[in-house]
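Everything numeric in this text was worked out from a predicted model, so none of it was measured.
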Amino acid sequence: KQIGDLVPISRELVDTLFRLHSGEKALVKVVDEDDLLQLSVYATEFRMRDDLYKLVSIQDIQSELEEAEVEAWQKLTRVLTHEIMNSVAPIASLAATANGLLEETETLPENGATDAEEEALAADTMEDVRGAVRTIERRSHGLLNFVQAYRRLTRVPTPDFEIIPIPQLFRDVADLMRSDMEARGVRFECTVEPERLDLTADPALIEQVLLNLVKNAMQAAEGTPDAEVRLEAHLGPRGRPVIQVIDNGPGIVEEAMEKIFIPFFTTKKDGSGIGLSLSREIMRQHGGTLTAVSEPGTRTVFTLRF
């Protein structure tokens with residue numbers, strides 16, 4: 001009958017029920033005997049006559065979380081397998097080829113070849129072996145770079161929060177990107193409304209996210225008539241800062257939109273595929289979100305909500 005009666009089951013759940021304000025939600029893990037519950041708790045407040053009431057909904061989403069986790073791991077495993085096989089398969093094939101060439105060189109005297117023929121064939125064979133080894137080295141470096149990128153993705157530093165004036169943050173990003181924008185013929189604009197809008201975040205990490213998004217937008221808009229990238233900030237419906245990176249490039253097709261935040265998925269020939277995944281993880285560390293919408297042929301918008 002009383003919320004306090006739930007203390008023996010979960011002190012965290014009781015504390016959450018008391019501290020949640022209208023429109024806020026939380027995820028609470030509860031172990032009830034041998035049963036694990038992942039409770040999604042959402043609160044809303046309303047006034048009836050002169051009394052203020054708080055209505056809280058509680059839903060067990062353990063099965064949904066498990067399904068989402070399995071699906072995420074399956075997607076990641078498919079991408080990892082694809083990337084690793086792209087490097088390992090040619091390495092194994094070239095190693096076998098090089099080994100076969102060396103064995104052929106060793107059997108030349110047994111086949112009755114003259115000294116001159118042996119030297120010529122050995123020279124050709126060694127050149128082929130060197131080429132194979134060089135390719136193996138190059139693919140090995142590519143695989144090493146891939147693993148290092150994966151380590152970066154799984155080791156996002158803990159944010160060091162401070163109050164950041166968003167206009168200053170935008171100026172810093174503009175100073176770094178302006179010359180590239182001009183060289184590519186892309187117009188770059190920054191707007192903040194209201195002008196004195198602050199953000200509580202890690203300045204280095206958020207700048208990293210914005211630079212990545214702005215660079216992607218610049219590359220997407222390049223070559224478009226009247227190419228433009230806009231960096232905008234305003235207060236969201238709940239009074240929290242919202243930052244958007246907008247470009248008028250060709251957009252992102254629907255099939256790719258479902259995959260752009262999957263680690264190592266990329267539509268660019270020289271892309272690593274971790275920029276957007278890393279950016280979303282940084283936003284998650286800030287208690288925020290990073291989402292994207294695209295209208296092919298019109299515009300693409302990446303939105304950071306804090």
Side-chain angles (χ1 to χ4, degrees), residues 164-199 201-284 286 288-306:
I164 315 167
I166 293 182
Q168 181 60 53
L169 176 66
F170 280 14
R171 281 193 292 271
D172 293 341
V173 172
D175 288 343
L176 292 169
M177 295 299 303
R178 190 79 66 186
S179 59
D180 280 348
M181 292 285 186
E182 292 175 355
R184 294 170 184 258
V186 179
R187 187 156 55 96
F188 185 40
E189 291 188 354
C190 300
T191 58
V192 182
E193 181 63 38
E195 293 182 2
R196 297 178 62 85
L197 185 58
D198 293 336
L199 175 68
D202 184 311
L205 291 178
I206 295 303
E207 183 177 293
Q208 179 182 348
V209 171
L210 291 181
L211 285 172
N212 180 56
L213 295 177
V214 170
K215 182 178 179 181
N216 288 348
M218 174 187 69
Q219 293 172 344
E222 184 181 8
T224 302
D226 299 321
E228 180 184 49
V229 173
R230 300 201 312 274
L231 189 55
E232 301 181 354
H234 60 272
L235 284 176
R238 297 179 183 174
R240 296 182 178 179
V242 174
I243 295 176
Q244 293 182 309
V245 179
I246 306 167
D247 72 77
N248 64 345
I252 304 171
V253 296
E254 186 176 351
E255 294 80 5
M257 280 295 294
E258 299 177 357
K259 304 175 183 177
I260 58 173
F261 291 108
I262 297 176
F264 308 109
F265 174 82
T266 180
T267 57
K268 295 185 288 188
K269 293 181 180 179
D270 58 347
S272 65
I274 69 164
L276 290 178
S277 304
L278 189 62
S279 297
R280 174 170 273 188
E281 176 60 19
I282 289 173
M283 286 301 297
R284 193 188 69 81
H286 281 75
T289 61
L290 171 60
T291 57
V293 294
S294 184
E295 301 173 36
T298 304
R299 69 171 195 162
T300 299
V301 183
F302 281 85
T303 302
L304 292 75
R305 292 183 175 87
F306 293 88

Student check: side-chain heavy atoms of D198 and I164 closer than 4.5 Å: no
Stepwise side-chain contact (heavy atoms from CB on, under 4.5 Å) check, F170 with T191: CA-CA 8 Å; F170 280 14; T191 58; over 6 Å; no
Separation of L169 CG from L231 CG (nearest 0.5 Å): 7.5 Å
Closest non-hydrogen atom pair between G185 and A227, with its separation: O-CB, 4.0 Å
Residue pair L235, R240: steps toward the side-chain contact (heavy atoms from CB on, under 4.5 Å) verdict: CA-CA 5 Å; L235 284 176; R240 296 182 178 179; over 6 Å; no
Which side-chain N or O atoms in residues 292-306 pair as donor and acceptor under 3.5 Å with protein atoms at least two apart or in another chain?
unit_1	atom_1	unit_2	atom_2	d
S294	OG	I252	N	2.8
S294	OG	T300	OG1	2.9
T303	OG1	Q244	NE2	3.1
R305	NH1	T291	OG1	3.2

Where at least one partner belongs to residues 167-176, residue pairs that pass salt bridge (charged side-chain N to carboxylate O under 4.0 Å, His left out), sequence neighbours excluded: none
Sub-4.5 Å side-chain heavy-atom contact between I243 and E232: no
Within-4.5 Å side-chain heavy-atom neighbours: V229 and I246: no
Set of residues satisfying side chain to side chain contact (heavy atoms under 4.5 Å, CB included) with respect to R184, sequence neighbours excluded: V186, M218, Q219, E222
Gap between atom CG of L197 and atom CD of E195 - 0.5 Å precision: 11.0 Å
Beyond-backbone contact of D202 with H286, side-chain heavy atoms, under 4.5 angstrom: yes
Non-hydrogen side-chain atoms of R280 and T289 separated by less than 4.5 Å: no
CD1 on I260 to CG on L276, rounded to 0.5 Å: 5.5 Å
For the student: nearest non-hydrogen atoms of L290 and F261, plus distance: CD2-CE2, 3.7 Å
Heavy-atom check, side chain of V214 versus side chain of M181, under 4.5 Å: yes
Donor-acceptor under 3.5 Å (N248 side chain, E228 main chain): yes
For the student: nearest non-hydrogen atoms of A174 and C190, plus distance: CB-SG, 4.3 Å
Nearest-0.5 Å distance that lies between atom CG in D247 and atom CZ in R187: 13.0 Å
Side chain proximity check, E207 to L176, heavy atoms < 4.5 angstrom: yes
For I166 against A233, the heavy-atom pair lying closest together: CG2-CB, 3.7 Å
Beyond-backbone contact of Q208 with L278, side-chain heavy atoms, under 4.5 angstrom: yes
